[in-house]
Amino acid sequence: MEMSKYMEQSESYVLHTYNRFPIVLEKGKGVYLYDTDGKEYLDFAAGIAVFALGYGNEAYNQALKDQIDQLIHTSNLYYNVPMGEAAEKLVKASDMDKVFFTNSGTEAIEGTIKVARKYAYLKDGGTDHEIIAMKHSFHGRSLGALSVTGNTHYQEPFKPLIGGVKFAEFNNLNSVKAQITDKTCAIILETIQGEGGIYPAEKEFLEGVRALCDEHDILLILDEIQCGMGRTGNMFAWQDYGVQPDVMTCAKALGCGVPVGAFVLNKKVAEHSLVPGDHGTTYGGNPLACRAVSTVLDLFESEQIVEHVRKTTVYLEQKLDEIVEEFDCVEGRRGKGFMQGLIIKGKPVGEVVNQALGNGLLVISAGSDVLRLVPPLIITEKDIDEMILKLKKSL
Ligand SMILES: *Cc1c(COP(=O)(O)O)cnc(C)c1O
């Protein structure tokens, strides 16, 4: 079928909540995607920071095929083998204590909001606790997650949202301090803001927030949905800061394409929050999703993904900095590891993204003026060279 026919079919029957790029993707191999006309795209978007291992990783695909033949779903009324395995690996990778598996990042955020409220409720019996979130943050689109997302445009039509949420300036400790009351139960932030425009937390800021949380017995929730899973050259972005959260959320690359998320708790919170009856999900922790998580974590080790990211970041940053030097419309670079943003000035970033698409390069935007690069974590210097060539042409 012609590509335009597939697009027409989707536009006829799928609710129009996305203005999609005019290509229909059909298959992938390594760091390349192919549309139904056979055109090749170098993928520096990875399905929004999801496909960390690239397309068609044989061990990953085989594990999923085996699991499909064995058992796809059981519900949480019974134990299953992959869930325990995936949870143990995630706990060990993060040096945390307990995991709750969800089906998406948004649901992981929802769970952490309940965790924070329950933790505070057990302390003082109050039901009017507050959460401090950051301006320009993104945590998801369901009502709870939207309530802590610092974007009034996303929020406005859906009010009233959940109450008790206050917003502070990211990387401004005084602004956070000013919002703390005796009702504050949690501070939630992305270790590196993604959708908002690739803003890494500053070390002093994160340390300061951690100290505030310790001082007032407030839970620090770090949203690692986009920046976690090796993307920054650490398994989790906070590991580079030496600041550990009380609760962490994961999704995106966690299952490398199989829809799965998680929230991970330290011991203190695991022992003083949710108990049977407080929270649940039919699919969450299902054998297929957890086999994906378990396999992804194995492959991260055996293929030394984190080390590869750390090593290759030097080259990526050097090449991107050359672009900043060379092009007037590129004002600067922000980011860490394989989560990089180029600040575009003097023309809409969407124009560059569209040009790149035409030139066979998939990149995405973030915030109002940032070109975002979140490639599969397996890219090599050769892939970076090809990306730079195509990006230059697009600029
Ligand atoms: C993508 C994202 C979410 C939402 O995850 P979904 O899987 O889309 O529900 C939440 N927080 C951050 C930081 C994200 O990047």
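In listed order, ligands and their atoms are each counted from 1.
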- Message: If you define the side chain from C-beta out and look only at heavy atoms, does anything of L320 sit under 4.5 Å from Q340?
- Response: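 Yes; the side chains approach each other to less than 4.5 Å.
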- Message: Are the side chains of L254 and V296 in contact, using a 4.5 Å heavy-atom criterion?
- Response: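 They are not in side-chain contact.
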- Pair D214 + R210, salt bridge at N-O below 4.0 Å: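 Here D214 pairs with R210 in a salt bridge, since their nearest N and O are under 4.0 Å apart.
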- Message: Could you check whether K268 pairs with E271 (Lys NZ or Arg NE/NH1/NH2 to Asp/Glu carboxylate O, under 4.0 Å)?
- Response: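 Looking at K268 and E271, the cut-off is not met.
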- Message: With a 4.0 Å heavy-atom cut-off, what residues sit around ligand 1?
- Response: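 Ligand 1 is contacted, at a heavy-atom distance under 4.0 Å, by S104, G105, T106, F138, H139, E190, D223, I225, Q226, K252.
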- Query: Linking I/L/V/M/F/W/Y whenever their side-chain heavy atoms sit closer than 4.5 Å, directly or via other members, would I68 and V293 fall into one cluster?
  - Reply: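 In one cluster: yes.
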- Message: Starting from I113 and following side-chain heavy-atom contacts under 4.5 Å between hydrophobic residues (I, L, V, M, F, W, Y), which residues can be reached?
- Response: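 In the cluster with I113 are F100, I109, V115, Y119, I131, V148, I162, V165, F167, I188, L219, I221, I225, V247, F263, L265, V269, L274.
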